[in-house]
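What follows is a short report on a single structure.
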Amino acid sequence: MVLFGSKALRQAPPIPRPSFQEEAEHAATHPQITTAGVACPTINDIPMPTLEKILGLLSATDLARCATVCRAWRASATWSPLWSCLCQARWVVWSVGDWHSKPFKHTEWPAAWRKRLQKEKQCLELLDDLVWPQRHHATVRAIADLGPDILECLEMEAQRPGSLQEGRRCWAVKAAARAQAIWCSQQMHEAPEALRLPEYQSQIELGALLVAQIHAPFADLTPVPRFLDQLAEELRRRLEEADITGGLPAVEMLSEMLFGKAGPGAASNGASMTLTDLSGSALEASLKLPAPGFGMGLQGDSEGYYSPENSLLQHVLTAGKGIPISLAIIHAAVGRRAGLPISCVNMPRHFMNRFGDYNHPDERFIDAFDGGKMLTRSAAMAMLMTFTGRASAEDLAPATPDRVWYRCCYNLISLYHNTRSLPTLRSVLDLALALSPLDVSGTYNKISADLCMLRAQIATGLDDFSGALDTIQELDESGMPVDGNLEELASNLQHIKASAEADWNRRRYRTEEAARVQWRVGQVMKHRKFGYGGVIIGWNYRCMQSEEWIIAMGVDRLPDGGCEQPFYQVLVDGRDRADATTYVAQCNIE
């Protein structure tokens, strides 16, 4: 499985030691240089282990320079294990593929270095364009097109130190959040197909982890499936100790391990941690197996039922509280890994798991929100009658994984729609529509059409008019019945987009004098003469200070027009100069 967290992708394989055959091939491809028929000592005469150590001390720049000396040096300097060392030293994460791609070959490391650097350069250039409203959303999509490898670059930008880098950090976080949503929606679309592969059949938590990932773009969530594997192994150990081979006693043991009384220091270790903290090593340290004779203490959170965190698996496992669907997914994921045939039941106004076949004596419905309480079919039907006033056998049928994940998304859509959290709502909508694409013959066609219209409205509210128009076009091409005239709606959006672009252009190019202004508000600068740093907070087309100030500062003696050139208000870095602000001519800024 591949999660698009900063350290959640598959890491590079260990640096391979060259075999005897590889050393022989390396020597064969490095012909010795001869002079007058006499062999001269070359770099090829150095034993392979020694040569590897020497070249391994060089930087990428030095290796590139070595490669330009001659063919023999080029062959040595482009040896793949050397670049493998450099790649793994510079980057932690490597998107070597998912369930549909081929393994990453170690012989591709030199090319990987070049491609990765090119991606980083493109990403940094695109980040500079995010400040322009007219290009913002197109730029974010271009960043997402670079692929999840650049998430590590965005994380470094988001952690760039310095008080003057706050804007850069903010844009990097926003770009990562939106790009992560795009990547996760692509993964969500493929996830149901992946569950058909033998190695993923028990991992019903795949989609739920993608939902969690968009809430914490830089988080490493790979400890969650590993911990579920450990819980399944612990369950097998307990079953073996109790001489239980399966059936209802095994399900009772599973519920006791997950929902039973927690031992000292269990379950609540991460309760005070934020979603950003709950990743990587911090998350792994918080996930602890229950002590022998104790459970994890997972329970339903009645007081904070509508908190978004209760839908995120990493929070549920560390805080020890969740809602029915998140607790049920954990219960089913551990049970399936241990070989128990547990399925999820997408019943109205509640969510439970089912063990056993229809009308089998051992058939039970497990209420994870109520501590793993087991109900017979008749008791479950009575619960349905209480909740909805009707009872149907279809409401107790097993749900496919994609319907389970769709329910996770739909719960959050309702929540964020009420709180008007538009960026997060849009991300969750993308996941839901990836699971339920527009299809006239589909069961969820009306719901998908409504969600599609909602996504277009949200995109409009976020000034992403191109995204809204694309959604309307997708809806129109599907041929699905919707409320309202799509052509009229598209026409109105085109008019709004044109008006917004005209307004942006008018604000950007107010007069011809603006062409002389080289620097924009928010840029970090350094004074050419005095060397202090700062950030530009405003500008004028010409010097607007008093005549006395102009004379005292010798402004007329400055190059590039003196006081007729643009001047800038600068917020000074207090570590360089005591003045809070200064007024600087354009010729003195770099």
Side-chain angles (χ1 to χ4, degrees), residues 4 119-160 164-186 214-215 217-218 416 420-431 433 452 454-474 490 492-510 514 517-524 535-539:
F4 290 148
K119 283 187 178 182
E120 280 198 354
K121 181 181 179 182
Q122 293 173 359
C123 178
L124 295 176
E125 290 174 351
L126 289 169
L127 273 180
D128 292 334
D129 273 352
L130 284 177
V131 298
W132 302 109
Q134 192 173 1
R135 302 198 294 264
H136 177 83
H137 296 284
T139 300
V140 171
R141 285 189 284 269
I143 290 175
D145 289 341
L146 293 175
D149 279 343
I150 55 92
L151 191 62
E152 194 166 4
C153 173
L154 291 174
E155 185 176 20
M156 288 190 292
E157 292 298 304
Q159 296 174 350
R160 181 181 284 195
L164 297 181
Q165 301 298 325
E166 183 61 35
R168 186 77 168 183
R169 292 193 292 266
C170 176
W171 289 119
V173 170
K174 288 187 176 183
R178 184 62 194 141
Q180 187 69 272
I182 294 173
W183 297 326
C184 286
S185 63
Q186 294 169 352
I214 64 173
H215 289 78
F218 297 123
Y416 290 129
R420 304 298 297 170
S421 180
L422 297 186
T424 311
L425 175 57
R426 186 186 189 185
S427 299
V428 180
L429 276 169
D430 288 343
L431 295 186
L433 289 171
C452 220
L454 178 58
R455 182 168 66 176
Q457 295 173 8
I458 293 171
T460 304
L462 294 172
D463 292 338
D464 185 9
F465 304 112
S466 296
L469 286 168
D470 290 343
T471 302
I472 295 299
Q473 182 179 359
E474 179 186 356
N492 292 336
L493 280 174
Q494 288 283 13
H495 178 72
I496 295 173
K497 179 183 178 182
S499 299
E501 288 177 351
D503 181 56
W504 289 331
N505 289 331
R506 187 165 50 250
R507 285 184 292 170
R508 184 180 177 188
Y509 304 110
R510 287 189 292 271
V517 180
Q518 296 180 4
W519 312 104
R520 63 174 182 265
V521 172
Q523 280 192 300
V524 177
V535 62
I536 296 172
I537 58 175
W539 51 267

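This structure is a prediction, so every number in the text was calculated from the model and none was measured. As a basis for the values below, the full set of heavy atoms in this structure was taken, side chains included, without hydrogen atoms, waters or symmetry mates.
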Legend entry - Shortest non-hydrogen contact between I143 and L130, atoms and distance: CD1-CD1, 4.4 Å
Inset, instruction - Give, for atom CG of D145 and atom CD of Q122, the distance between the pair rounded to the nearest 0.5 Å. - result: 10.5 Å
Legend entry - Minimal non-hydrogen separation, D128 against R520, with atom names: O-NH2, 3.6 Å
Show me, pair by pair, the donor-acceptor contacts under 3.5 angstrom made by side chains of residues 170-179, not counting sequence neighbours?
unit_1	atom_1	unit_2	atom_2	d
R178	NH1	D430	OD2	2.9
R178	NH2	D430	OD2	2.9

Inset, instruction - Quick one: pull up CG in L422 and OG in S427 and give me the separation to the nearest 0.5 Å. - result: 11.0 Å
Inset, instruction - Find the distance between CD1 (I537) and CD (Q523) and round it off to the nearest 0.5 Å. - result: 14.0 Å
Inset, instruction - Determine, step by step, whether Q180 and L151 satisfy the side-chain contact (heavy atoms from CB on, under 4.5 Å) criterion, reporting the C-alpha distance in whole Å, the side-chain angles of both residues, the deciding distance to 0.1 Å, and the verdict. - result: CA-CA 8 Å; Q180 187 69 272; L151 191 62; 3.5 Å; yes
Inset, instruction - Please lay out, stage by stage, how L154 and L127 fare under the test side-chain contact (heavy atoms from CB on, under 4.5 Å). - result: CA-CA 9 Å; L154 291 174; L127 273 180; 4.1 Å; yes
Inset, instruction - Please name the pair of heavy atoms, one in W519 and one in W539, separated by the smallest distance, quoted to 0.1 Å. - result: O-CD1, 4.5 Å
Inset, instruction - Evaluate salt bridge (Lys or Arg N to Asp or Glu O under 4.0 Å) for R141 paired with D464, printing each intermediate quantity in order. - result: CA-CA 11 Å; R141 285 189 284 269; D464 185 9; 3.1 Å; yes
Inset, instruction - Locate the shortest heavy-atom distance separating T460 from A468; write the atom from each residue and the value. - result: OG1-CB, 3.5 Å
Inset, instruction - Output the distance between atom CG (L433) and atom CD (E474), rounded to the nearest 0.5 Å. - result: 7.5 Å
Legend entry - side-chain contact (heavy atoms from CB on, under 4.5 Å) assessment of V140 paired with L126: CA-CA 8 Å; V140 171; L126 289 169; over 6 Å; no
Inset, instruction - Give, for atom CD1 of I182 and atom CG of L431, the distance between the pair rounded to the nearest 0.5 Å. - result: 11.5 Å
Legend entry - Short N-O contact, E157 and R168, less than 4.0 angstrom: yes
Legend entry - Validation row, ring centre H215 to ring centre Y416 under 6.0 Å: yes
Legend entry - D129 CG to Q134 CD distance, which is reported to the nearest 0.5 Å: 11.0 Å
